[in-house]
Amino acid sequence: MFTATSSPTVALRRLEWDSLHFGVPVAELPVPEMNDEDLWGALTTARAEGLRLVYWATYRERTLPADLLAEFHGLAVNHRVKFVASLNDLRQSQTLTPPRSPGRCVDYRVGELPRGPASRELLQLSIVAGGHSRFHVDPRIPAGQFRELYEVWMNRSTLGELADVVLVATPSNAPDDFAGVITLSETAGAGQIGLLAVREDRRGQGVATLLMTAAHDWLRQRSATEVSVVTQLENRAACGLYSRWNCEAVEVRQWFHFWPQAADEGR
Ligand SMILES: CC(C)(COP(=O)(O)OP(=O)(O)OC[C@H]1O[C@@H](n2cnc3c(N)ncnc32)[C@H](O)[C@@H]1OP(=O)(O)O)[C@@H](O)C(=O)NCCC(=O)NCCS
């Protein structure tokens with residue numbers, strides 16, 4: 001066990017939006033590399049300052065001593081991975097092999113959703129999209145607050161605030177029956193995928209493949225040259241999907257959550 005340093009070298013950065021959303025003071029440790037002693041000192045300071053939740057994004061293989069995790073109620077929540085793919089290779093869509101999935105019994109169409117508040121179906125899909133998110137994985141975060149986070153994200157996307165376009169996949173014979181959704185934005189030639197989800201009972205039928213193809217087409221029409229997406233290494237389906245588009249993992253960070261106050265936090 002380390003003793004607390006009186007003046008830790010790493011400053012905590014308070015997060016206003018997160019504090020407001022979760023209703024408790026939240027901060028992050030903004031540097032990925034810290035030794036155990038500095039980390040212990042920073043978390044002691046966080047405790048003294050009344051912070052309830054502290055995020056830390058560090059290197060992929062970082063391990064922490066059990067006594068530190070126990071003292072600050074720390075949890076390794078997941079590994080965030082950022083994928084980037086070039087859109088310049090015109091042959092890419094031709095070389096893409098169709099999914100092996102056998103259940104392609106229904107024809108799907110992909111179309112742009114008109115702007116407006118998100119429907120109940122889309123809000124449900126937003127929660128599906130966040131299934132591997134650290135806010136879902138951490139059992140100390142109330143389930144309702146996790147859901148609200150993703151619902152706000154979806155609603156602000158369909159309103160055009162957090163996305164430039166929302167594409168939905170529907171069976172050709174049931175245009176109001178949303179099987180899957182992808183949200184996209186584009187800035188200065190760089191495309192970004194926000195939310196992606198396929199309804200559980202529609203998976204393995206190539207719906208995400210159709211959505212990704214339509215997303216790439218939309219971005220190419222806007223002359224975008226690359227697309228990026230963030231997911232978790234633990235999300236094997238998403239990683240498998242993105243690797244089919246020659247996505248390259250450009251950054252992997254392991255995320256920890258610490259609850260420095262007491263053991264009585266929780267759902
Ligand atoms: C990831 C997800 C969108 C895939 O949707 P889908 O419509 O079932 O995917 P497709 O049928 O188009 O499959 C395309 C490829 O994705 C990969 N894939 C899909 N499901 C997979 C699984 N369970 N395990 C591993 N790879 C998988 C495969 O590479 C597959 O190609 P293959 O069939 O040739 O192996 C879906 O599982 C989902 O909604 N998951 C929950 C939400 C989520 O994780 N969203 C991404 C957040 S970043």
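Bear in mind the structure is a predicted one, so any value in this text is a computation, not a measurement. When a ligand or atom number is given, it counts from 1 through the structure's own listing order.
Across every non-hydrogen atom of Thr44 and Trp40, the tightest pair is OG1-O, 2.7 Å.
For residues 152-179, the pairs satisfying ring pair (Phe, Tyr, Trp, His ring centres under 6.0 Å) are Tyr150-Trp153, with sequence neighbours left out.
Ser243 OG to Phe83 CZ: the interatomic distance, rounded to the nearest 0.5 Å, is 7.0 Å.
Of all the heavy atoms of Tyr108, none lies under 4.0 Å from any atom of ligand 1, so neither backbone nor side chain is involved. Under 4.0 Å from ligand 1, the heavy atoms of Val230 that appear belong solely to its backbone. At a heavy-atom distance under 4.0 Å, no atom of His132 approaches ligand 1. When heavy-atom distances to ligand 1 are checked against a 4.0 Å cut-off, Asn235 comes that close only through its side chain, counted from C-beta outward.
Nearest residue to atom 4 (C) of ligand 1 from Ser243, Gly204, Ala208, Gly130 is Ala208 (criterion: closest heavy atom). The nearest non-hydrogen atom to atom 18 (N) of ligand 1, considering only Gly206, Ala237, Gly240, comes from Ala237. Counting heavy atoms only, Leu241 comes closest to atom 17 (C) of ligand 1 of the residues Val181, Leu195, Leu241.
At a threshold of 4.0 Å, the pair Asp138-Arg140 does not count as salt-bridged, since none of the basic side-chain nitrogens sits closer than that to a carboxylate oxygen.
Under the ring pair (Phe, Tyr, Trp, His ring centres under 6.0 Å) criterion, His257 pairs with Tyr55, sequence neighbours left out.
Using a 4.0 Å cutoff on heavy atoms, Ala129 counts as a contact of ligand 1.
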